[in-house]
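Quick note on labels: first sequence line is chain A, next is B, and so on, each numbered from 1. Everything quoted here is computed from the prediction, not taken from an experiment.
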Amino acid sequence: AQTVTQSQPEMSVQEAETVTLSCTYDTSESDYYLFWYKQPPSRQMILVIRQEAYKQQNATENRFSVNFQKAAKSFSLKISDSQLGDAAMYFCAYGENTGNQFYFGTGTSLTVIP
Amino acid sequence: DAGITQSPRHKVTETGTPVTLRCHQTENHRYMYWYRQDPGHGLRLIHYSYGVKDTDKGEVSDGYSVSRSKTEDFLLTLESATSSQTSVYFCAISGSGIGPFNGFYGYTFGSGTRLTVV
């Protein structure tokens, strides 16, 4: 099974500042997909951003961007201009077309300080 | 997400009783999953299904069984609930549609069931 590691159980950021959440993964595949999911207190899992491994360009979605380092097997999420609504648990996930499931990290709990 | 619903949203049950959680999708997707979420463990796969009557075990399948008699419904059963099964349970569907698994689409999740075994 693939492993996904999120080494920061908790992070905090001042409102309007920038924060980076870390994720590393282990794989021998060259073609795969990486995701960040957000889980606010409502418990709903929300897709934040997707990265395709064969694309060198880092994905961006408004204030959310990733730093994808394929050789280092690293996939960090940067949240710019943090807002109170960004407070949530964030999960990194990995999947590949030759598989049948996604693998998740243990999550990072993000607190946004007003 | 309106395309996938879980029931119930909350449940309290006694040790030793059977419990069934239901996942219903309206998307006609082939792949469906049951995960449990626990602090410090993230999301762990219990069972998944790749078609009607086609299921397979995940990493934490002991004490759980599943059934899928229709494309739209995936049931998770705790045959005899234990306190260690107190958790939040999520159903998910893969966005691959009716075809083979495609990692591009990620998952769509249900809203979760908080199960407490007392």
Please confirm whether the backbone N or O of B/Gly106 pairs with a side-chain atom of A/Arg50, one donor and one acceptor, at under 3.5 Å?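 Not at all, since once roles are kept as given, no pair shorter than 3.5 Å links the two residues.
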Separation between CZ of B/Phe109 and CD1 of A/Ile46, rounded to the nearest 0.5 Å: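 So the gap between those two atoms works out to 11.5 Å.
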How many angstroms lie between atom CG of B/Leu43 and atom OG1 of A/Thr106, to the nearest 0.5 angstrom?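 Between B/Leu43 CG and A/Thr106 OG1, I get 10.0 Å after rounding to 0.5 Å.
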Given heavy-atom pairs under 4.5 angstrom as the criterion, report whether the side chain, backbone, both or neither of [X] touches chain A.
X	answer
B/Arg9	both
B/Gln37	side chain
B/Arg114	both
B/Thr113	backbone

Do [X] and [Y] sit in one hydrophobic cluster, given that two such residues count as connected whenever their side-chain heavy atoms are within less than 4.5 Å of each other, even indirectly?
X	Y	answer
B/Val60	B/Leu76	yes
A/Phe91	B/Phe104	yes
B/Leu75	B/Leu21	no

Would you please go through residues 70-89 of chain A and name the residues with a non-hydrogen atom below 4.5 Å from one of chain B, in numerical order?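 Residues qualifying by a heavy atom under 4.5 Å from chain B are absent, so none.
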Under 4.5 Å, heavy atom to heavy atom: which of residues 28-42 of chain A reach chain B? Give them by number, or say none.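 Counting heavy atoms that sit under 4.5 Å from chain B, the residues of residues 28-42 of chain A involved are A/Tyr33, A/Phe35, A/Tyr37, A/Gln39, A/Ser42.
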Can you tell me if B/Tyr105 has over 12 outside heavy atoms packed within less than 6.0 Å of its OH?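 No, not enclosed.
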Looking only at heavy atoms and a cut-off of under 4.5 Å, which of A/Gly105, A/Ala93, A/Ser109, A/Gly99 has the most pairs with chain B?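 Most heavy-atom pairs under 4.5 Å with chain B: A/Gly99.
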Pair B/Phe101 and A/Phe102, ring centroids less than 6.0 Å apart: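 Aromatic pair counts; centres sit under 6.0 Å.
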When B/Tyr107, B/Tyr33, B/Tyr50, B/Tyr35 are compared by non-hydrogen pairs under 4.5 Å with chain A, the top option: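 Most heavy-atom pairs under 4.5 Å with chain A: B/Tyr107.
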For residues A/Met45 and B/Phe90, determine if any side-chain heavy atom of one lies less than 4.5 Å from a side-chain heavy atom of the other.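 Yes, close enough: below the 4.5 Å cut-off.
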Taking C-beta and beyond as the side chain, do B/Tyr31 and A/Gln101 meet within less than 4.5 Å on heavy atoms?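 Counting from C-beta outward, B/Tyr31 and A/Gln101 never come under 4.5 Å.
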